[in-house]
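Pasting in a structure now, in structure tokens, and then I'll have a few things to ask.
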Amino acid sequence: RGLVLERVTLEDKAAAAAAASASPSPASAASAGSFGGIMPTASPASASGGGASRGSGEGSTATTPKSTNWSSRFAMAARRSSFTFDHPEQGHRRVNFFRHPLAADTSFVDGVAPRQRSATGSPSTSPTSKDLEAAPGSAPAPLLRKPPTNAFSQQSLPYMQNVLNTVRILCLSISIGILLLVLGIFVLDKSSEVKQFSVQYDGEWRQPREAKEHEMIYSPCAANTATPNSCTIQVTVPEDMEPPISVVYEVTPFYQNYYSYQASVIFDQLKGTIVSDTYIDTYCTSESTRVTASGQAIFPCGLVANSVFNDTIEFMEVSMKDDDPRLTWDSDYDRFANPAEYPDDDAYSWIYERYPTVTTKAKGVKNRHFVDWMFPSFFGYVRNTYGFIDDKLSQGQTLTMRINASYPVTSLEAEKRIVLSTRNGLGGRHSTLGWLLIGSGITCFVMALLVVSIRKLCP
């Protein structure tokens with residue numbers, strides 16, 4: 001608006017100056033016509049003609065520039081815009097026909113003196129004497145600041161103006177609320193079909209998330225820092241469970257989402273590349289994750305690769321596949337590779353030497369348990385799949401679990417548990433997500449009620 005008002009003011013001043021000009025000299029006429037080099041410069045013919053008419057009373061009369069009523073046109077556009085804002089009940093409308101009154105009008109810029117390049121190389125509003133001498137009779141320089149007249153540059157493309165009135169807000173809030181309620185009920189219904197039970201074997205006893213009272217079993221088997229603690233635990237299956245049954249290990253709390261933890265890894269090493277020491281020092285900042293006590297270089301280095309969960313789990317009555325392809329995506333698994341020096345170079349401490357219960361010498365980093373661990377969890381706990389049971393478990397059936405606990409969590413004040421769960425289209429039990437969707441739907445209905453109340457109480 002400021003630019004438009006300034007333009008209107010300049011044209012009004014130029015018209016007044018041209019009408020009040022009484023000097024016969026061409027210089028004064030040019031000065032009045034150009035209005036400080038902003039408005040169009042009067043031509044010599046009109047300047048001389050105006051001087052003759054004023055001096056002798058004969059000749060043509062000086063022409064006064066026609067003043068366009070920009071103020072009224074701008075005021076009309078402002079009123080139309082404010083009316084639309086203050087009266088949203090008019091509804092949305094396609095405004096292809098509505099454009100600013102100055103859109104695509106470049107007459108003002110066309111008359112501005114062209115910016116020419118002076119002899120010194122800097123832009124100038126009018127040519128200097130050196131420029132005229134250097135290029136006599138040359139064509140006038142093109143306008144450098146003339147905007148294009150297309151619809152995009154003039155901001156006159158068609159658009160849709162959607163006005164949010166009371167009816168639309170109510171319809172939108174109620175529709176979203178119904179959708180969220182339906183999704184929440186669907187998730188809760190699918191979650192209720194999932195059968196699961198959990199066995200906590202380390203840490204202080206706490207009720208696990210999304211677990212019922214009859215699905216919780218506690219049998220301590222704390223890890224020993226010196227040697228693994230081997231325990232045998234017998235559990236009773238609380239309900240019939242159809243295959244496939246996922247066996248999940250959970251460590252909580254365990255914050256893999258810390259930046260210092262996630263950044264302490266070199267993915268080039270996981271792809272089978274030997275990187276420089278400078279590169280290792282940059283990402284693996286802790287010396288204990290780079291070099292062993294005997295001086296061997298740890299491969300791969302970093303906090304993530306040197307904190308792998310290494311407890312082992314076995315079932316006596318049923319079989320569970322080791323390194324099952326369903327543990328990770330193939331696209332993730334194919335990115336991992338052992339280097340050409342593996343496993344013969346004694347200068348390195350390889351992953352199978354530090355974690356013999358996780359991977360073997362033949363596999364190295366191409367182990368799905370290791371691959372799954374190398375993708376940190378977003379939440380404040382680790383919950384990864386350990387394997388799958390493809391046999392049916394009947395209610396009341398006794399399972400014997402053998403656990404070799406080697407992963408210490410006492411210093412972390414964390415717990416470790418094993419969860420056996422059936423699977424559905426959502427992957428498992430997600431009761432928290434269902435209640436979150438239902439709560440969001442109720443919030444939408446509350447917002448709709450507030451809109452109606454405000455409309456009635458404050459019309």
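Keep in mind that this is a model prediction, so the values were computed, not measured.
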Minimal heavy-atom distance between Ala405 and Lys416, with the atoms involved, is CB-NZ, 4.2 Å

Roughly how far, to the nearest 0.5 Å, is CG of Leu181 from CD1 of Ile174?
-> 11.5 Å

Do you see a donor-acceptor pair shorter than 3.5 Å between the side chains of Asp268 and Thr273?
-> no

Side chains of Glu317 and Thr400, donor plus acceptor under 3.5 Å = yes

Donor-acceptor contact below 3.5 Å, side chain Gln296 vs main chain Asp346 | yes

Roughly how far, to the nearest 0.5 Å, is the CD1 atom of Ile418 from the CD1 atom of Ile403?
-> 5.5 Å

Report the distance from atom OG1 of Thr385 to atom NE2 of His369, rounding to the nearest 0.5 Å.
-> 10.0 Å

Under 3.5 Å side-chain donor-acceptor pair for Asp281 and Thr278 | no

Report yes or no: does Thr289 contribute a side-chain atom to a donor-acceptor pair with the main-chain N or O of Ser286 at less than 3.5 Å?
-> yes

Evaluate side chain to side chain contact (heavy atoms under 4.5 Å, CB included) for Val247 paired with Ile389, printing each intermediate quantity in order.
-> CA-CA 7 Å; Val247 180; Ile389 298 176; 3.9 Å; yes

Looking only at non-hydrogen atoms, find the nearest pair between Asp391 and Ile245 and report the distance.
-> O-CD1, 3.6 Å

For the residue pair Leu270 and Met374, establish whether any side-chain heavy-atom pair is separated by less than 4.5 Å.
-> yes

In Å and rounded to the nearest 0.5 Å, what is the CD1 to CG distance from Ile169 to Leu450?
-> 11.5 Å

Do you know which two heavy atoms are closest between Val194 and Arg429, and how far apart they sit?
-> O-NH2, 2.7 Å

Once you round to the nearest 0.5 Å, how far does CG of Asp277 lie from SG of Cys284?
-> 11.0 Å

Side-chain donor/acceptor of Ser198 to backbone N/O of Val419, under 3.5 Å | no

Answer yes if the ring centres of Trp350 and Phe370 are under 6.0 angstrom apart, and no otherwise.
-> no

Do the side chain of Tyr355 and the main chain of Asn310 share a donor and acceptor less than 3.5 angstrom apart?
-> no

Would you please test Val187 and Leu437 for side chain to side chain contact (heavy atoms under 4.5 Å, CB included) and show each step?
-> CA-CA 9 Å; Val187 172; Leu437 292 172; 4.0 Å; yes

Answer yes or no: does atom CE of Met320 have more than 12 heavy-atom neighbours from other residues, nucleotides or ligands under 6.0 Å?
-> yes

Count the heavy atoms belonging to other residues, nucleotides or ligands that lie under 6.0 Å from CZ of Phe388, then report whether that count exceeds 12.
-> yes

Salt bridge flag under 4.0 Å for residues Asp240 and Lys195 | no

Arg423, CZ atom: more than 12 neighbouring heavy atoms under 6.0 Å = no

Can you check whether Ser394's main-chain N or O pairs, donor with acceptor, with Gln397's side chain at less than 3.5 Å?
-> yes

Closest contact, heavy atoms only, Cys444 versus Ile176 = SG-CG2, 3.8 Å

Pairing of Asp330 and Arg368 as salt bridge, 4.0 angstrom limit | yes

What are the two closest heavy atoms between Ile313 and Phe315, and how far apart are they?
-> CG2-CE1, 4.1 Å

Assign the ring pair Trp373 / Tyr407 to parallel, tilted or perpendicular, where the plane angle (0 to 90°) is split at 30° and 60°.
-> perpendicular

With a 4.5 Å heavy-atom cut-off, do Ile178 and Phe445 have their side chains touching?
-> yes

Within a reach of under 6.0 Å around OH of Tyr218, are more than 12 heavy atoms found that belong to other residues, nucleotides or ligands?
-> yes

Please lay out, stage by stage, how Arg354 and Val308 fare under the test side chain to side chain contact (heavy atoms under 4.5 Å, CB included).
-> CA-CA 10 Å; Arg354 301 191 307 278; Val308 183; over 6 Å; no

Taking Asn338 for its side chain and Tyr342 for its backbone only, find out whether a donor-acceptor pair lies under 3.5 Å.
-> no

Are Val275 and Ile280 close enough, and set up right, to give a side chain to side chain contact (heavy atoms under 4.5 Å, CB included), and what steps lead you there?
-> CA-CA 7 Å; Val275 298; Ile280 293 176; 3.5 Å; yes

Pairwise side-chain contact, Thr282 with Ile266, heavy-atom cut-off 4.5 Å (strictly under) = no

Taking the inter-plane angle between the rings of Tyr258 and Tyr255 on a 0 to 90° scale, is it parallel (under 30°), tilted (30 to 60°) or perpendicular (over 60°)?
-> tilted

Is there a donor-acceptor contact under 3.5 Å from the side chain of Ser440 to the main chain of Leu436?
-> yes

So, the side chain of Thr359 versus the backbone of Lys363: is there a donor-acceptor pair under 3.5 Å, distance only?
-> no

Ser246 and Tyr386: side-chain donor and acceptor closer than 3.5 Å?
-> no

Dump the intermediate steps for salt bridge (charged side-chain N to carboxylate O under 4.0 Å, His left out) on Arg326 and Asp390, then the final yes or no.
-> CA-CA 12 Å; Arg326 292 172 289 183; Asp390 293 326; 3.3 Å; yes

d(Ser173 OG, Leu449 CG) to nearest 0.5 Å is 11.0 Å

Does the side chain of Ser230 come under 3.5 Å of the side chain of Asn404 through a donor N or O and an acceptor N or O?
-> yes

Check whether the side chains of Tyr201 and Asp311 place a donor and an acceptor atom closer than 3.5 Å, and report yes or no.
-> yes

Minimum heavy-atom separation for Leu420 to Met241, with atom names?
-> O-CE, 3.6 Å

Counting N and O atoms only, with roles assigned by atom type, does the side chain of Ser153 sit under 3.5 Å from a partner on the main chain of Asn150, one being a donor and the other an acceptor?
-> no

Under 3.5 Å, is there a donor-acceptor pair linking the side chains of Tyr249 and Asn384?
-> yes

Side-chain donor or acceptor of Gln269 paired with backbone N/O of Cys301 under 3.5 Å = yes

Residues two or more places apart in sequence or in another chain: which of them pass salt bridge (charged side-chain N to carboxylate O under 4.0 Å, His left out) with Arg402?
-> none

